[in-house]
Amino acid sequence: MKYISDEDCCFEQDNFWFRYRAAAIIIEDGCVLMAYNDVDDYFYSIGGGVHLGETSEQAVIREVKEETGMKYEVERLAFIRECMYHGKTAFSGKQCHIVEFYYLMKPKGKRLLKNGESRGTTQGVPEYLRWIPLQELADYKVFPQFFGDKLCEMPQSIQHDISDER
């Protein structure tokens, strides 16, 4: 078994790649904050790998601070997602498996971050932030895909989503 980093709960074994990830749902003024970059053709949630010895809640607070420069507090756990898929680009030929915890963050009352603002990089590629209106979310290519359906009417209990795209 090969661990991908000294910190993240992520490993490779033969043709398999596994990652444990925590992500944020930040909603302000009817919009959700998403990230994007110049390489991928989609928007994705703010978040990242959970470090060894760290809870998913600690990880999401850390990741939001790293990616936005702002401290948000957790309101509650909203979704648990298990996703299995055939890897692409850097993971081509791999069977990928991700377990993700999505936390709804406490709103600050207004959108303090600006569209197109860059606060960090992923694998050396600059990331940018974008507020997408919830009512228009289904018109965008976003990951996870269930955001388009679920965020407009946020469930009050934890939802478990399983996606097998193999």
Side-chain angles (χ1 to χ4, degrees), residues 8 19-50 55-91 96-165:
D8 285 355
R19 186 173 193 203
Y20 172 31
R21 182 175 185 267
I25 301 169
I26 300 171
I27 298 173
E28 300 282 354
D29 297 328
C31 297
V32 63
L33 186 63
M34 301 292 284
Y36 66 98
N37 60 55
D38 293 330
V39 175
D40 298 311
D41 66 345
Y42 56 87
F43 293 89
Y44 47 93
S45 58
I46 305 291
V50 176
T55 68
S56 59
E57 189 169 324
Q58 291 167 331
V60 76
I61 291 168
R62 174 184 51 77
E63 285 288 342
V64 167
K65 177 76 170 142
E66 288 174 7
E67 294 183 29
T68 69
M70 298 181 67
K71 183 173 172 146
Y72 274 85
E73 295 178 26
V74 168
E75 184 170 314
R76 66 179 176 85
L77 178 61
F79 302 98
I80 298 171
R81 179 174 182 250
E82 299 177 64
C83 182
M84 287 137 313
Y85 60 95
H86 295 290
K88 296 177 183 153
T89 60
F91 302 106
C96 300
H97 186 164
I98 299 177
V99 174
E100 300 173 299
F101 287 71
Y102 285 89
Y103 287 91
L104 181 62
M105 308 305 280
K106 291 181 182 177
K108 294 196 174 285
K110 55 187 171 183
R111 292 184 277 169
L112 299 173
L113 299 161
K114 304 293 180 222
N115 281 338
E117 199 167 332
S118 178
R119 295 289 182 137
T121 62
T122 292
Q123 299 174 346
V125 177
E127 287 184 309
Y128 308 96
L129 302 173
R130 173 83 180 262
W131 291 102
I132 300 176
L134 291 173
Q135 298 302 325
E136 298 174 17
L137 201 53
D139 299 334
Y140 288 82
K141 186 174 180 182
V142 297
F143 287 100
Q145 292 176 333
F146 70 80
F147 269 19
D149 295 331
K150 301 279 185 174
L151 294 191
C152 286
E153 294 183 32
M154 183 67 73
Q156 293 305 305
S157 61
I158 299 169
Q159 301 288 300
H160 183 200
D161 180 74
I162 300 174
S163 172
D164 191 341
E165 301 163 11

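- Proximity of R21 to Y102: side-chain heavy atoms (C-beta onward) are separated by under 4.5 Å at one or more points.
- If you take CH2 on W131 and CG on L113, they are separated by 6.0 Å, rounding to the nearest 0.5 Å.
- Put simply, the side chain of H160 does not reach to within 4.5 Å of the side chain of I158, judged on heavy atoms.
- For R130, the salt bridge (Lys or Arg N to Asp or Glu O under 4.0 Å) test picks out no residue, with sequence neighbours left out.
- In this structure, the separation between CG on L77 and CD on Q159 is 10.5 Å, given to the nearest 0.5 Å.
- Residue A23 comes nearest to S45 through the heavy atom pair CB-OG, 3.5 Å, listed as atom of the first residue, atom of the second, then distance.
- Among residues at least two apart or in separate chains, ring pair (Phe, Tyr, Trp, His ring centres under 6.0 Å) pairs with a member in residues 63-89 are F79-F146.
- Residues C96 and G87 approach most closely at SG-CA, 3.7 Å, considering heavy atoms.
- Between the NE2 atom in H97 and the CD atom in E82 there is a gap of 5.0 Å [rounded to 0.5 Å].
- Among residues at least two apart or in separate chains, side chain to side chain donor-acceptor pair (under 3.5 Å) pairs with a member in residues 141-150 are D41-K141.
- Formation of a donor-acceptor pair under 3.5 Å by the E100 side chain with backbone atoms of A22 is not found in this model.
- Within the 4.5 Å cutoff, the side chain of I132 has no heavy atoms near those of the D139 side chain.
- Counting heavy atoms from C-beta outward, L33 and M105 have side chains that stay 4.5 Å or more apart.
- Residues passing the salt bridge (Lys or Arg N to Asp or Glu O under 4.0 Å) test with D40: none are found, sequence neighbours excluded.
- Within the structure, salt bridge (Lys or Arg N to Asp or Glu O under 4.0 Å) pairs that include any residue of residues 63-80 comprise R62-E66, E73-K106 (at least two apart or interchain).
- Qualifying ring-ring contact (aromatic ring centres under 6.0 Å, His included) partners for Y20, counting only residues two or more places apart in sequence or in other chains: F101.
- Judged by distance alone, with hydrogens and angles left aside, the side-chain atoms of N37 form a donor-acceptor pair with the main-chain N or O of V39 at under 3.5 Å.
- Around CD of E165, the count of heavy atoms belonging to other residues, nucleotides or ligands within 6.0 Å exceeds 12.
- The two atoms that bring M34 and I46 nearest to each other are C-CD1, 4.2 Å, heavy atoms only.
- D8 and R19 get closest at one heavy-atom pair: OD2-NH2, 4.3 Å.
- The shortest non-hydrogen separation linking Y36 to Y42 is CB-O, 3.9 Å.
- By the 4.5 Å heavy-atom criterion applied to side chains, I25 and F147 are counted as neighbours.
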- Message: With side-chain contact (heavy atoms from CB on, under 4.5 Å) as the criterion, how do I98 and R81 come out once you've worked through the C-alpha distance, each side chain's angles and the decisive distance to 0.1 Å?
- Response: CA-CA 8 Å; I98 299 177; R81 179 174 182 250; 5.8 Å; no

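- The two atoms that bring R111 and C31 nearest to each other are NH1-SG, 3.6 Å, heavy atoms only.
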